[in-house]
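Notes follow the structure.
Here the structure is a predicted model, which is why all the values come from computation and not from measurement. FYI, the numbering just counts along the sequence from 1.
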Amino acid sequence: MMNYLLSVLVENKPGVLSRVTGLISRRGFNIESLTVAPTEDENLSRMTIIVEADEVGFEQITKQLHKLVSVYKISDLTYEEAVERELVLFKVQSSPERRHEVIEIANVFRAKVVDVGRNTLTIEATGAASKLDAMEDLFRGYGIKQLTRTGKIAMARGAHEQ
């Protein structure tokens, strides 16, 4: 089993997300990450899906997705050169005396402080999952009160544009 990265161009209409995720889950595969948003064309949305499957299962998923009327294009970015990003918000325990330490960690990772509470800092960061994982490891030492991640978005690089 491995994680496959799909970029799926679909109709921007109600029910499409449900049909796509239902198709995957009915076949017993787990969606590790899912992001959906409209594209430059208001009639289309792009779904970035990371699905855990074996090779045969992945082939089955893509064949079934192609059959959905609301799916226009499927790009397998698993082995392609792609720009990949994720967004995370960390709410970190931070007493006034140690606040500068947490801010310094954020600065090293080119993250930014987006909210300051009496005993917490909320930090926003974007980047590759490995960068965000490293930040999380460091912030755990201070105490993470809350954490939320968007899931990965991806786009083929340059000549591989879709």
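Closest heavy-atom contact between V16 and E11: CG2-O, 3.6 Å. Residue K91 comes nearest to T120 through the heavy atom pair CG-CB, 3.9 Å, listed as atom of the first residue, atom of the second, then distance. Closest heavy-atom contact between A125 and A111: CB-CB, 3.7 Å. V51 and I61 make their closest contact through CG2-CD1, 3.9 Å (heavy atoms, listed as atom of the first residue, atom of the second, distance).
Grouping the Ile, Leu, Val, Met, Phe, Trp and Tyr side chains by contacts below 4.5 angstrom, directly or via other members, places L147 with Y142. Hydrophobic cluster membership differs between L6 and V69, with clusters built from Ile, Leu, Val, Met, Phe, Trp and Tyr side chains linked at under 4.5 angstrom. Cluster annotation: F29 and V71 are assigned to the same hydrophobic cluster (Ile/Leu/Val/Met/Phe/Trp/Tyr, side-chain heavy-atom contacts under 4.5 Å, transitive). Side-chain heavy atoms closer than 4.5 Å link hydrophobic residues (I, L, V, M, F, W, Y) into clusters, and following such links, even through other members, never connects V92 to V114. Clustering ILVMFWY residues whenever any of their side-chain heavy atoms sit less than 4.5 angstrom apart, transitively, puts F139 in the very cluster that holds V116.
Taking the side chain as every heavy atom from C-beta outward, T48 and L77 never approach each other to under 4.5 Å. Looking at L34 and L17, their side chains come closer than 4.5 Å, going by heavy atoms from C-beta outward. Side-chain contact between T39 and L9 is present, with at least one heavy-atom pair separated by less than 4.5 Å. Counting heavy atoms from C-beta outward, M135 and I123 have side chains that approach closer than 4.5 Å. At least one side-chain heavy atom of M2 sits under 4.5 Å from a side-chain heavy atom of T78. Within the 4.5 Å cutoff, the side chain of S7 has no heavy atoms near those of the M155 side chain. Under the 4.5 Å side-chain criterion, counting only non-hydrogen atoms from C-beta, L138 is in contact with F109. Side-chain contact between Q93 and N119 is present, with at least one heavy-atom pair separated by less than 4.5 Å.
Taking the salt bridge (Lys or Arg N to Asp or Glu O under 4.0 Å) definition, one finds that E32 meets it with nothing, sequence neighbours left out. Not a single salt bridge (Lys or Arg N to Asp or Glu O under 4.0 Å) links E52 to another residue, sequence neighbours left out.
With I31 as the fixed residue, the side-chain contact (heavy atoms from CB on, under 4.5 Å) test singles out one of I24, I50, V20: I24.
A salt bridge links R149 with E136: at least one charged nitrogen is closer than 4.0 Å to a carboxylate oxygen.
Panel note: side chain T126, backbone L87; no donor-acceptor pair is recorded below 3.5 Å. Here the side chain of T35 pairs no donor or acceptor atom with the backbone of I153 at under 3.5 angstrom. Side-chain atoms of K152 do not come within 3.5 Å of backbone N or O of E84 as any donor-acceptor pair.
Under a cut-off of 6.0 angstrom, the local environment of NZ in K145 is sparse, with at most 12 non-hydrogen atoms contributed by other residues, nucleotides or ligands.
For the atom pair L132 CG and T150 OG1, the distance stands at 8.5 Å (nearest 0.5 Å). Distance check: E104 CD to R98 CZ gives 14.0 Å after rounding to the nearest 0.5 Å.
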**Request:** Could you please spell out the steps behind the side-chain contact (heavy atoms from CB on, under 4.5 Å) verdict for S70 and R19?
**Result:** CA-CA 9 Å; S70 52; R19 285 193 292 280; 3.9 Å; yes
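Note on ring orientation: taking the six-membered ring where Trp is involved, the planes of F58 and Y4 are parallel (angle under 30°, cut-offs 30° and 60°).
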